[in-house]
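Accompanying notes for the structure given below.
In the text below, chain A, chain B and the rest are named by the order of the sequence lines, each starting its count at 1.
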Number of protein chains: 2
Amino acid sequence: MTERVLALQPLAAEQRTQLEQTGVEIVDAADWESQSPITIIFGWDKEVGPAALMAPNNHVKWIQTVSAGIDYLPLDWIKAHDVQVTNASGVYSPAIAESTLGYLLYFVRGFNEAVKNQAGHFWQQPARDDLSLLASQRVVIYGTGSIGQSIAKLLNGFGNRPAGVNRSGHPVDGFETAVSLDNDYELLKNADIVINAMPATSTTVHYFDETFFKQLDGLNVFVNVGRGKSVDQQALMNALLYQNVLHAALDVFEEEPLDKNSRLWDYPNVLVTPHETGFAKENTKPILGIFEKNLSAWLNDGSLPVNLTDVSLGY
Amino acid sequence: MTERVLALQPLAAEQRTQLEQTGVEIVDAADWESQSPITIIFGWDKEVGPAALMAPNNHVKWIQTVSAGIDYLPLDWIKAHDVQVTNASGVYSPAIAESTLGYLLYFVRGFNEAVKNQAGHFWQQPARDDLSLLASQRVVIYGTGSIGQSIAKLLNGFGNRPAGVNRSGHPVDGFETAVSLDNDYELLKNADIVINAMPATSTTVHYFDETFFKQLDGLNVFVNVGRGKSVDQQALMNALLYQNVLHAALDVFEEEPLDKNSRLWDYPNVLVTPHETGFAKENTKPILGIFEKNLSAWLNDGSLPVNLTDVSLGY
């Protein structure tokens with residue numbers, strides 16, 4: 001039987017040809033109702049996705065997402081119907097790591113003040129000792145997976161070896177040291193920068209809460225490029241007000257888009273970006289690379305060697 | 001004869017003690033008139049410096065600056081009186097390189113738009129293909145000395161190997177290739193980013209002029225962390241207007257401070273910083289390190305092994 005792939009992710013002509021050479025048929029979003037059975041879905045669309053997945057004529061056995069997270073999929077239905085899900089974990093890490101380094105340099109190298117002074121035409125040099133080198137900042141990264149490791153690697157290029165926090169405290173390449181989640185107290189006492197790069201799990205929801213922030217005494221920069229729900233946003237705003245935290249750079253939020261009336265927009269020591277740190281035109285190729293590798297194995301022996309998720313765990 | 005060092009650069013108590021242990025006497029700025037003869041000047045002050053240097057009671061033979069440039073010194077008098085000058089070249093390069101990477105990430109990773117959108121409470125995601133990775137940007141660095149090399153080294157950590165432009169086109173560590181100043185045309189055709197890190201010499205004044213900018217077709221980012229006089233500011237503003245250049249990050253200007261009425265402040269695609277990229281509290285130690293090394297050699301055999309400048313050339 002020829003596999004029919006519903007492409008909910010736009011494909012360039014040559015990408016389409018490349019996929020068709022494996023022997024599959026590509027079905028466009030517009031044609032999904034007339035071409036069945038669909039057996040594979042590439043990408044997602046919140047209207048077409050569930051409709052095509054659940055249509056009785058289709059027999060979807062595998063979804064390849066173009067995202068790292070899979071929490072927006074109808075996971076209960078997927079689990080009940082033995083559909084396998086592979087994700088694009090890892091693809092976005094280089095982009096997220098680059099943006100994170102940009103965040104850190106923005107605050108450590110005085111750009112936050114420069115941008116505000118520029119708006120008022122103020123030539124206002126800081127004191128020479130007011131600026132630091134990123135090289136010397138003590139960085140703690142929560143989450144030592146693909147994103148955390150990519151950030152650590154870029155920091156290493158600045159001569160900076162961060163500390164890591166993960167579930168078990170196991171050592172990780174590029175990190176000076178690593179401790180488990182319940183042993184982070186000593187690290188935080190001396191930290192200048194804290195970066196959240198943890199996935200969303202039951203353990204990480206509101207991990208960064210009032211108790212967490214209150215142990216900090218003038219942390220230079222807090223970064224969230226993990227999940228919005230990991231941070232109690234109100235507690236963070238209080239921490240910024242009481243200078244437990246001096247600056248924050250945030251790409252993810254408890255609710256997205258961030259409410260137009262949120263006070264967070266106006267904090268002078270906060271940089272808000274609209275959940276975009278993972279974006280890069282360079283991602284298209286590796287996403288397709290994952291799909292092709294899985295597709296070729298799937299057609300060969302039904303296996304999915306790259307980024308197979310555990311639907312019960314949700315990642 | 002005991003050497004008397006006029007300290008025009010503030011010294012912490014332990015630094016003072018450390019210097020005195022070599023056997024020199026330290027004279028503070030306030031006491032310069034009562035303590036002669038002064039034989040060495042450390043740092044500079046535009047009032048006390050020339051007065052102490054030229055006072056008939058003093059016999060200054062050596063000035064150790066805390067800056068890389070020495071163009072603010074009375075070089076003609078210095079040359080006529082055989083005073084030697086050592087500078088702090090190299091000390092500021094790590095800081096300038098970190099800020100330069102910050103500039104690049106600011107524009108390449110979309111922060112310029114994010115900052116403006118934040119001011120208006122706009123949650124406005126770019127298209128996924130609108131952002132790039134710094135890793136893939138084709139970077140050309142003018143000047144492959146200490147600053148250029150420090151920038152290249154940080155770029156290498158992003159997997160980016162820049163091209164260099166220098167006087168002779170000689171190869172330099174960390175650069176994929178290097179060409180001479182009159183052979184830069186081919187490099188520029190494919191460049192995404194151009195960084196000026198050249199010193200001020202007769203060759204480099206207005207090197208970046210109308211002719212230079214007109215050969216560019218939508219250069220992503222132009223950076224000046226070299227000298228203000230290397231760039232024809234009016235030509236750059238035109239290039240930004242006609243999109244020969246899409247974004248610019250500037251730390252140095254033809255006249256500093258940048259005039260309050262300059263239109264440059266208001267360009268939405270320009271980041272202005274107030275000649276601060278070299279600032280870092282981490283610089284104090286290496287500056288004193290250079291002075292101590294020179295002082296120890298000077299007391300031993302009258303040599304100045306570190307950063308001796310050629311006063312006739314001005315650097």
Side-chain angles (χ1 to χ4, degrees), chain A residues 94-95 97-99 101-106 108-115 117-136 153-159 256-262 265-266 270-284, chain B residues 94-95 97-99 101-106 108-115 117-136 153-159 256-262 265-266 270-284:
Chain A
E98 286 202 359
S99 285
L101 269 280
Y103 282 161
L104 302 186
L105 292 165
Y106 182 83
V108 172
R109 301 301 303 149
F111 294 1
N112 190 48
E113 281 70 32
V115 163
N117 285 328
Q118 180 174 348
H121 294 206
F122 296 124
W123 180 275
Q124 181 66 56
Q125 287 189 319
R128 282 172 181 266
D129 281 3
D130 279 356
L131 298 185
S132 302
L133 292 182
L134 179 53
S136 324
K153 204 176 143 199
L154 292 185
L155 281 170
N156 293 169
F158 283 71
E256 295 179 14
L258 182 61
D259 191 287
K260 203 154 178 90
N261 297 317
S262 170
W265 293 108
D266 295 321
V270 171
L271 175 59
V272 169
T273 58
H275 204 149
E276 68 180 6
T277 57
F279 290 13
K281 61 172 185 281
E282 289 87 345
N283 293 343
T284 308
Chain B
E98 284 201 0
S99 284
L101 269 279
Y103 282 163
L104 302 186
L105 293 165
Y106 181 82
V108 172
R109 300 302 303 150
F111 293 1
N112 189 49
E113 282 68 34
V115 164
N117 286 329
Q118 181 175 347
H121 294 206
F122 295 124
W123 180 275
Q124 180 67 56
Q125 287 188 319
R128 283 173 179 263
D129 282 4
D130 279 355
L131 298 186
S132 302
L133 292 182
L134 179 54
S136 323
K153 203 175 144 200
L154 292 186
L155 281 169
N156 293 169
F158 283 71
E256 294 178 11
L258 181 62
D259 192 287
K260 201 147 179 96
N261 296 316
S262 169
W265 292 108
D266 295 321
V270 171
L271 176 59
V272 170
T273 58
H275 202 149
E276 70 179 3
T277 57
F279 291 13
K281 62 172 185 281
E282 290 86 346
N283 294 341
T284 309

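Side-chain contact between E98(A) and L105(B): present, with at least one pair of heavy atoms (C-beta onward) separated by less than 4.5 Å.
Between chain B and the options V108(A), T273(A), L154(A), heavy-atom pairs under 4.5 Å are most frequent for L154(A). Considering only heavy-atom pairs separated by less than 4.5 Å from chain B, the leading option among A119(A), G159(A), A280(A) is A280(A). Most heavy-atom pairs under 4.5 Å with chain B, from the set G157(A), G102(A), G120(A): that is G102(A). When each of A127(A), P257(A), S136(A) is checked for heavy-atom pairs under 4.5 Å with chain B, P257(A) comes out on top. When L133(A), D130(A), V115(A), N156(A) are compared by the number of non-hydrogen pairs under 4.5 Å with chain B, L133(A) comes out ahead. Between chain B and the options K153(A), E113(A), E276(A), heavy-atom pairs under 4.5 Å are most frequent for E276(A). When T284(B), L131(B), L104(B) are compared by the number of non-hydrogen pairs under 4.5 Å with chain A, L131(B) comes out ahead.
The aromatic rings of Y106(A) and F111(B) lie perpendicular to each other, with more than 60° between the two planes, well past the 30° mark.
Remark: side-chain polar atoms of W265(A) are paired, donor with acceptor, to backbone N or O of D259(A) under 3.5 angstrom. Checking side-chain atoms of R109(A) against main-chain N and O of S132(A) turns up a donor-acceptor pair under 3.5 Å.
Going from atom CG of L101(A) over to atom CG of L134(A) covers 6.5 Å, rounded to the nearest 0.5 Å.
Neither the backbone nor the side chain of L155(A) comes within contact range of chain B; no heavy atom of the residue lies under 4.5 Å from a heavy atom of that chain. Interface residue S262(A): only backbone heavy atoms are found under 4.5 Å from chain B. Proximity to chain B (any heavy atom under 4.5 Å) is shown, for A135(A), by both the backbone and the side chain.
Screening residues 117-128 of chain B for side-chain hydrogen bond (donor to acceptor under 3.5 Å, both in side chains), with sequence neighbours left out, gives D266(A)-H121(B).
Using a 3.5 Å distance cut-off with no hydrogens or angles, the side chains of T277(A) and Y103(A) do not pair a donor with an acceptor.
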